[in-house]
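The structure appears right after this line, and notes come after that.
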There are 2 protein chains.
Amino acid sequence: MAMDRDQVLRDAAALLSRKSTATMDEVARAAGIGRATLHRHFAGRDALVRALEELGIREFEVAFDNARLDEGTAVEALKRLVAQAEPNAELLAFLVTENQLFEGDQVNEGWARLDARVGALFRRGQQEGDIRIDLSPAWLTEALYGLIGTCAWAVMDGRVAAKDFQYMITELLLGGARRSVEQ
Amino acid sequence: MAMDRDQVLRDAAALLSRKSTATMDEVARAAGIGRATLHRHFAGRDALVRALEELGIREFEVAFDNARLDEGTAVEALKRLVAQAEPNAELLAFLVTENQLFEGDQVNEGWARLDARVGALFRRGQQEGDIRIDLSPAWLTEALYGLIGTCAWAVMDGRVAAKDFQYMITELLLGGARRSVEQ
DNA sequence: CCACGATGAGACAGTGACGTCTCATGCGGG
DNA sequence: CCCGCATGAGACGTCACTGTCTCATCGTGG
């Protein structure tokens, strides 16, 4: 009976990230509930999107905490972060692409905080000599988001195996595609 | 007087990739034309999206040809490809995220051909020993698209300088973020 | 200078999604 | 066992977008 609000939001994100013009009815069916129930819990489409944003921020705050970004090397922390982010990758994919949220230059405070944490992680890696300094933390942050979203889509479409999620992202982001001598 | 059809499509892609629910009126204003004119050239929203798809495929076919993917090493060819793709990066970003185009598993033939060319490039790099074999060509292809789109957005939002476009993508995709010993 | 073609602005009806409502169903707790 | 509450299905009016139309304007070529 009790509708799993977070699960509904996750299903909505999975659909909307691929078909952003989806109807409220389509969203409801994708989540396995009726349209009326969807409207009972989210006043409208805007409210739904804002709830998605809130859930995303909340989940990633938790993921960041669980990844213990301050422990060990930045590289190790980044791998933990990707692993923690996986369950909400589709949500991230939706939020990254749906930038109508950030209209009017009033970037959401929560996102700014997350951006700062990721940026700080890359900056720490640069200071410790583990991360290249010719790639800006801002770009590395964007690239991390982009690769997580891209991989989430690739998994959804069956082009990448779900079990390879963390490996594909971290290996590409950290090591790159080029085959080095020592590898 | 003469409306630049391709430029209108590019402006539309830049807007729609960030706000996929944008109105036809918003698209027209973003392109600097009237709504009536937009409708004169594109029968409707579907026709507009299909025109975007066609333009994207056409432009990237040309970009691929100009990049001469068969010449030199795969790494060199990839760098040329990214450079050639830059003018249409926003278009690619829209097409990659707007996967409602590919409903019903009837993937557009043109896209399949482009995918095949990129995949073949990575495969050649793997065979020649320049590209890692533990990252599948399918994933590398997706990652390339994703990074181009992500970088296009980052440039649009001012988080990455436009002049760094090619460098940021190729260096991250090929070399990764980790600082190697010999670098 | 004139005529033609394209464009922008606005009006107009049609349409489809939205948001709200009611009612019947079904599960769970008391 | 029965009551209560959440849900699903459907109906309904509203509204925003759509697609088409007309008309005035503009600049371009003849």
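Lettering follows sequence order; numbering is per chain, from 1.
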Which residues pass the salt bridge (charged side-chain N to carboxylate O under 4.0 Å, His left out) test with A:Asp157, sequence neighbours left out? A:Arg18, A:Arg159

Whole angstrom is fine here: how far is it from CG in A:Leu38 over to P in D:dA6? 17 Å

Got a list of protein N/O to nucleotides 15-20 of chain C N/O distances below 3.5 Å?
residue : atom : partner : partner atom : Å
C:dC18  : OP1  : A:Met24 : N            : 3.4
C:dC18  : OP1  : A:Arg45 : NH1          : 3.4
C:dC18  : OP2  : A:Met24 : N            : 3.0
C:dG19  : OP2  : A:His39 : NE2          : 3.2
C:dG19  : N7   : A:Arg35 : NH1          : 3.0
C:dG19  : O6   : A:Arg35 : NH2          : 2.9

All pairs passing salt bridge (Lys or Arg N to Asp or Glu O under 4.0 Å) where residues 32-48 of chain A contributes a residue, at least two apart: none

Using every non-hydrogen atom in the two residues, find where B:Gly56 and B:Leu91 come nearest and quote the distance to one decimal. CA-CD2, 3.5 Å

State, to the nearest 10°, the angle formed by the axis through the first five base pairs of the helix from C:dC1-D:dG30 to C:dG30-D:dC1 and the axis through its last five. 30°

Carefully, step by step, assess B:Leu121 and B:Leu78 under the rule side-chain contact (heavy atoms from CB on, under 4.5 Å). CA-CA 8 Å; B:Leu121 174 64; B:Leu78 191 62; 3.8 Å; yes

Can you see which heavy atom on B:Leu140 is nearest to which on A:Ala177, and at what distance? CD2-CB, 3.9 Å

If only side-chain N and O atoms of B:His41 are considered, is one of them under 4.0 Å from the OP1 or OP2 phosphate oxygen of C:dT7? yes

Mind jotting down which residue pairs meet the salt bridge (Lys or Arg N to Asp or Glu O under 4.0 Å) criterion with at least one end in residues 80-91 of chain B? Sequence neighbours excluded, please. none

Expressed as a whole number of angstroms, how long is the span from A:Arg40:CZ to D:dG8:P? 8 Å

For residues 117-128 of chain B, pull every pair meeting salt bridge (Lys or Arg N to Asp or Glu O under 4.0 Å), keeping only residues two or more places apart or in separate chains. B:Glu61-B:Arg117, B:Asp65-B:Arg117, B:Arg124-B:Glu128

Value in whole Å for how far the C1' atom of C:dC27 lies from CD1 of A:Ile33: 17 Å

Could you tell me how the ring of A:Trp111 sits relative to the ring of A:Tyr145: parallel (under 30°), tilted (30 to 60°) or perpendicular (over 60°)? perpendicular

